[in-house]
There are 2 protein chains.
Amino acid sequence: MSTVPTATRLVEAAERVVAAHGYQAASVKAISAEAGVATGALYRHYPSKGALFAEVFRAVSDRELAALERAIAHHDDPVDGLLAGLATFAERALRAPRLARALLDEPVDAPVDAERLAYRRRHRAVLAERIEVAVRRGALPDQDPEITAAGLVGAWAEVLVGPLAEQPTEAEGRIRALIDLAARTVGAPPPSRTPSLPPTPEETP
Amino acid sequence: MSTVPTATRLVEAAERVVAAHGYQAASVKAISAEAGVATGALYRHYPSKGALFAEVFRAVSDRELAALERAIAHHDDPVDGLLAGLATFAERALRAPRLARALLDEPVDAPVDAERLAYRRRHRAVLAERIEVAVRRGALPDQDPEITAAGLVGAWAEVLVGPLAEQPTEAEGRIRALIDLAARTVGAPPPSRTPSLPPTPEETP
DNA sequence: ACCTGCTGTGAATCACGGTTCACACCAGGA
DNA sequence: TCCTGGTGTGAACCGTGATTCACAGCAGGT
């Protein structure tokens, strides 16, 4: 029964607009319209458009990182975990391409860009940690985990988001190719089958 | 003696401004000031700011791709060529970080972004071709050359441009780590020494 | 009932930066 | 010399989109 507070409504509306039409189209007017309020209402809750979007990006990032960590935690073996994480990431990105593009690639203004940078950094840190463990255990060849992790983040972003409108290889095949790529990148033998993913919990009850 | 035509002067000025302060700072006013002309002069030679910058990006891209291909052509073995190409790319990017960031990553407006996309595509195509040859010769494991190439482009961009202001590992070490990363990514054994580069021709006589 | 503070409204305002234009200036040809 | 076309000038113009603000409504407290 309890009505959703306007601040929350705005964040959700902003995400919907971005997911549907990209950051370009996410003007203050569009967002407030989507949220069903007037433009001025936004400024009762956020000091600026940038601040609202920083919030949006943070929320989306948190959700993505949680999914990544869930997939990783589902495996004991660090390499399996890594590949499972990749698969999750790729699957989610392909399912919501517009949102993924906004999160990874689209031009955004400075305050929002800072949030995006933070996301990438955390993303990289999570991967680097697993790689380091695997190297220490001797499961992977010696390497600089930070660099490898950065490379992985960049490679996925490029493959998943770069050619958005390209020949629409079905998701299945693309993910498979990406996993092979990632396995080589970290120096692991090619996995014979796609690593299993944890069950997806309900996201908006 | 012959005076440089204004059109050329504008392109060069625009590149200088971008290289020094990033695309953000490259307003029409700044560019014309740098070129030593009034703002209106720009429109005698280009229909819009976007058109001028498309030109700038094209010029820089061509130069970069030429360097890449020169490095590749310097080796008979496709894998050596690939790694030499990477080394060239990385070295150049680290030498002109601001320009590299603009070319690879910075938010630019639509018409310019199109040019950037074209650059990435060509970049990828060049790499993919070498990878395919190497795979056909049995020097690399079976893989989708396009995807691997895209991954390489993304990975380099991320590593070289992403953490711009991070702990300034000296270029030497960073390039070394990148080459190892690339070797693994394509599935080659780690090279024992950095691949040799062709002599750099004079660029602005 | 009467304050009072919080929230929402949406047209007006403002800042920013690209683009235009009326006015020179100059070189070369008639 | 007198045109004429090409070029340069820079202040004014204009579109866009974020931000403000004077004016309500409304809930809770006295």
Side-chain angles (χ1 to χ4, degrees), chain A residues 1-58 102 106-116, chain B residues 1-58 102 106-116:
Chain A
M1 280 316 95
S2 70
T3 318
V4 182
T6 304
T8 313
R9 204 106 67 69
L10 282 166
V11 174
E12 294 172 351
E15 183 180 335
R16 270 198 306 279
V17 172
V18 170
H21 311 290
Y23 189 80
Q24 295 281 331
S27 64
V28 169
K29 193 175 282 192
I31 294 161
S32 37
E34 172 73 24
V37 295
T39 66
L42 194 156
Y43 295 89
R44 294 280 175 218
H45 302 277
Y46 300 94
S48 70
K49 181 194 171 183
L52 167 62
F53 268 96
E55 195 69 26
V56 172
F57 269 58
R58 193 158 0 181
E106 208 169 12
V108 297
D109 18 33
V112 186
D113 203 55
E115 213 55 50
R116 164 150 76 194
Chain B
M1 274 313 92
S2 71
T3 318
V4 181
T6 303
T8 312
R9 205 106 67 69
L10 283 166
V11 174
E12 292 172 352
E15 182 180 334
R16 269 199 306 277
V17 172
V18 169
H21 310 289
Y23 190 81
Q24 296 280 331
S27 64
V28 168
K29 192 174 283 192
I31 295 161
S32 36
E34 172 75 24
V37 295
T39 64
L42 194 157
Y43 295 89
R44 294 280 176 215
H45 301 277
Y46 300 94
S48 70
K49 182 195 172 184
L52 167 62
F53 268 96
E55 195 68 28
V56 172
F57 269 58
R58 192 160 0 181
E106 207 170 13
V108 297
D109 19 32
V112 187
D113 203 56
E115 213 57 50
R116 164 150 76 194

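Every chain is numbered from 1, with letters handed out A, B, ... down the list of sequences.
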*For A:Thr39, answer base if it contacts any base atom (sugar-phosphate contacts may also be present), sugar-phosphate if it contacts only those atoms, and nothing otherwise; contact means non-hydrogen atoms under 4.0 Å.*
base

Between CZ of A:Phe53 and P of D:dT19 the distance, given in whole Å, is 11 Å

In whole angstroms, the gap separating C1' of C:dT19 from CD1 of B:Ile31 amounts to 14 Å

Kindly indicate whether the side chain of A:Phe53, heavy atoms from C-beta on, has any atom under 4.5 Å from the side chain of A:Val11. no

Taken to the nearest whole Å, CG/A:Leu42 to P/D:dG17 is 16 Å

Determine all donor-acceptor pairs shorter than 3.5 Å in which one atom belongs to a side chain in residues 34-47 of chain A; sequence neighbours excluded.
from: A:Glu34; atom 1: OE2; to: A:Arg16; atom 2: NE; distance (Å): 2.6
from: A:Glu34; atom 1: OE2; to: A:Arg16; atom 2: NH2; distance (Å): 3.3
from: A:Tyr46; atom 1: OH; to: A:Ala7; atom 2: O; distance (Å): 3.3

* Is A:Ser48 near enough to D:dA18 that one of its side-chain N or O atoms lies under 4.0 angstrom from OP1 or OP2? -> no

Closest to the side chain of A:Tyr43, out of D:dG8, C:dT19, D:dT19, is D:dT19

On a heavy-atom basis, the closest approach of B:Ala26 and B:Val18 is CB-CG2, 4.1 Å

Taken to the nearest whole Å, NZ/A:Lys29 to P/C:dG10 is 11 Å

Per atom distances to the B:Val28 side chain, the nearest of C:dT19, D:dT20, D:dT9 is C:dT19

Quick one: is D:dG6 close enough that its OP1 or OP2 comes under 4.0 Å of any side-chain N or O from B:His45? no

Whole-Å distance, B:Gln24 CD to C:dC16 P, equals 14 Å

Nearest-nucleotide check on DNA chain C, B:Gly50 vs B:Arg44; residue mapping nearer the 5' end is B:Gly50

- Taking only Lys NZ, Arg NE, NH1 and NH2, and the carboxylate oxygens of Asp or Glu, determine whether A:Arg58 and A:Glu55 approach each other closer than 4.0 Å. yes

Winner on side-chain proximity to A:Lys49, out of D:dT19, C:dG18, D:dG8, is D:dT19

